[in-house]
Amino acid sequence: MTGYMRGIRGADYQCHRQARASGMRGTYRAFLSSNTQNLDSIVYYSRDRQIPIINKEGQKLFESWESLVNGAGAYFNSSAPIYSFSGKSIMNDSAWPQKIVWHGSNMKGSKMDEKFCQEWHSQNGNTMGLGSSLMKHMLLDQSEYTCNNAFIVLCIENTARHNLRK
């Protein structure tokens, strides 16, 4: 998506819609910061912040949410693929030619003022957002990009599966 995502709610809705279309349950949120949300608050239950972060196939990407937002840049296990809802590895699929994810955050997952494409409502080439090249194997690198770029938006399941009611 470009920096125009109809705000955090629009990006969250896209995560929800794509999860349901692929048959996945749970609550999915966009991995984005803005004036109304920091990344570090997407997973809010303390027990959920301590469990491993896994991909769609159950492979561990991070030790925990806490380790993702500890200020070290969120280096991830590069041997565990990050999958789309359709089951494709985003690192190997041509649907994502630029292996860059939007986030708008500092290395601790807190918003960076004016670095989130005007609240994710702009695809203007004169406005900026923060993102990370996945080629560096980190999610919270601090690279600025113009908001007219179309990059990856990650979706995070923010409640542990064992907490969901059937």
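- Taking 4.5 Å as the limit, every side-chain heavy atom of E157 sits out of range of all side-chain heavy atoms of R29.
- Y44 and I156 are not part of a single hydrophobic cluster, where members link through side-chain heavy atoms under 4.5 Å apart.
- Cluster annotation: V101 and L61 are assigned to the same hydrophobic cluster (Ile/Leu/Val/Met/Phe/Trp/Tyr, side-chain heavy-atom contacts under 4.5 Å, transitive).
- Annotation: side chain to side chain donor-acceptor pair (under 3.5 Å) contacts of K136 (sequence neighbours excluded): D141.
- Scanning all heavy atoms of the two residues, the minimum distance from G129 to C147 falls at N-SG, 3.8 Å.
- Checking each of I8, L32, N35, L130 against F116 for a side chain to side chain contact (heavy atoms under 4.5 Å, CB included) leaves exactly one that passes, namely N35.
- For the side chain to side chain donor-acceptor pair (under 3.5 Å) test, residues two or more places apart in sequence or in another chain that qualify with Q14 are R17.
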Derivation and outcome, side-chain contact (heavy atoms from CB on, under 4.5 Å), residues C117 and Y4: CA-CA 7 Å; C117 299; Y4 178 67; over 6 Å; no
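- Contact between S110 and D40 at its shortest, heavy atoms only, is OG-OD2, 4.1 Å.
- Between the CE atom in M107 and the CE atom in M112 there is a gap of 10.0 Å [rounded to 0.5 Å].
- Partners of F85 by ring pair (Phe, Tyr, Trp, His ring centres under 6.0 Å), not counting sequence neighbours, listed by chain and number: Y28.
- Note on I54 and I82: separate hydrophobic clusters, where clusters join Ile, Leu, Val, Met, Phe, Trp and Tyr whose side-chain heavy atoms are under 4.5 Å apart, directly or indirectly.
- Inter-residue side-chain proximity for L154 and L139 is flagged as met; some heavy-atom pair is nearer than 4.5 Å.
- At distances below 3.5 Å, at least one donor-acceptor pair connects side-chain atoms of N158 with backbone N or O atoms of I42.
- Residues that satisfy the side-chain contact (heavy atoms from CB on, under 4.5 Å) test with S84, not counting sequence neighbours, are S86, K88, I90, W96.
- With no hydrogens or angles considered, a side-chain donor-acceptor pair links H103 and S132 at under 3.5 Å.
- Within the structure, salt bridge (Lys or Arg N to Asp or Glu O under 4.0 Å) pairs that include any residue of residues 118-135 do not occur (at least two apart or interchain).
- Considering I152, V153, L140 in turn, L140 is the only one that fulfils the side chain to side chain contact (heavy atoms under 4.5 Å, CB included) rule with F31.
- To the nearest 0.5 Å, atoms OG (S143) and CD1 (I100) are separated by 7.5 Å.
- Rounded to the nearest 0.5 Å, atoms CG (L134) and CD (Q98) are 11.5 Å apart.
- Sorted by first and then second residue, the side chain to side chain donor-acceptor pair (under 3.5 Å) pairs with a member in residues 69-78 read N77-S79; sequence neighbours excluded.
- For the residue pair T146 and N148, a side-chain donor N or O sits within less than 3.5 Å of a side-chain acceptor on the partner.
- For residues 95-111, every residue pair satisfying the salt bridge (Lys or Arg N to Asp or Glu O under 4.0 Å) rule, not counting sequence neighbours, is listed here: K111-D113.
- W65 meets the ring pair (Phe, Tyr, Trp, His ring centres under 6.0 Å) test with no other residue; sequence neighbours excluded.
- Under a cut-off of 6.0 angstrom, the local environment of CZ in R20 is crowded, with over 12 non-hydrogen atoms contributed by other residues, nucleotides or ligands.
- Between atom CE of residue M5 and atom CD of residue Q123 there is a gap of 10.5 Å, rounded to the nearest 0.5 Å.
- When all heavy atoms of R6 and H121 are compared, the closest pair comes out as C-CE1, 3.4 Å.
- Taking both residues in full, the closest heavy atoms of G109 and S33 are given as O-OG, 3.6 Å, listed atom of the first, atom of the second, then distance.
- Here F151 pairs with W102, Y145 under the ring pair (Phe, Tyr, Trp, His ring centres under 6.0 Å) rule; sequence neighbours left out.
- No more than 12 heavy atoms of other residues, nucleotides or ligands shown are found within 6.0 angstrom of CE on M135.
- Applying the salt bridge (Lys or Arg N to Asp or Glu O under 4.0 Å) test to every pair with at least one member in residues 143-155, sequence neighbours left out, gives these pairs: K115-E144.
- We find the CG-CZ distance between L68 and F76 to be 10.5 Å, quoted to the nearest 0.5 Å.
- F62 CZ to N55 CG: the interatomic distance, rounded to the nearest 0.5 Å, is 11.5 Å.
- For Q59, the CD atom counts as densely surrounded, since its 6.0 Å shell holds more than 12 non-hydrogen atoms of other residues, nucleotides or ligands.
- Sequence neighbours left out, the pairs with a member in residues 61-84 that pass salt bridge (Lys or Arg N to Asp or Glu O under 4.0 Å) are R49-E66, K60-E63.
- Taking the salt bridge (Lys or Arg N to Asp or Glu O under 4.0 Å) definition, one finds that E57 meets it with nothing, sequence neighbours left out.
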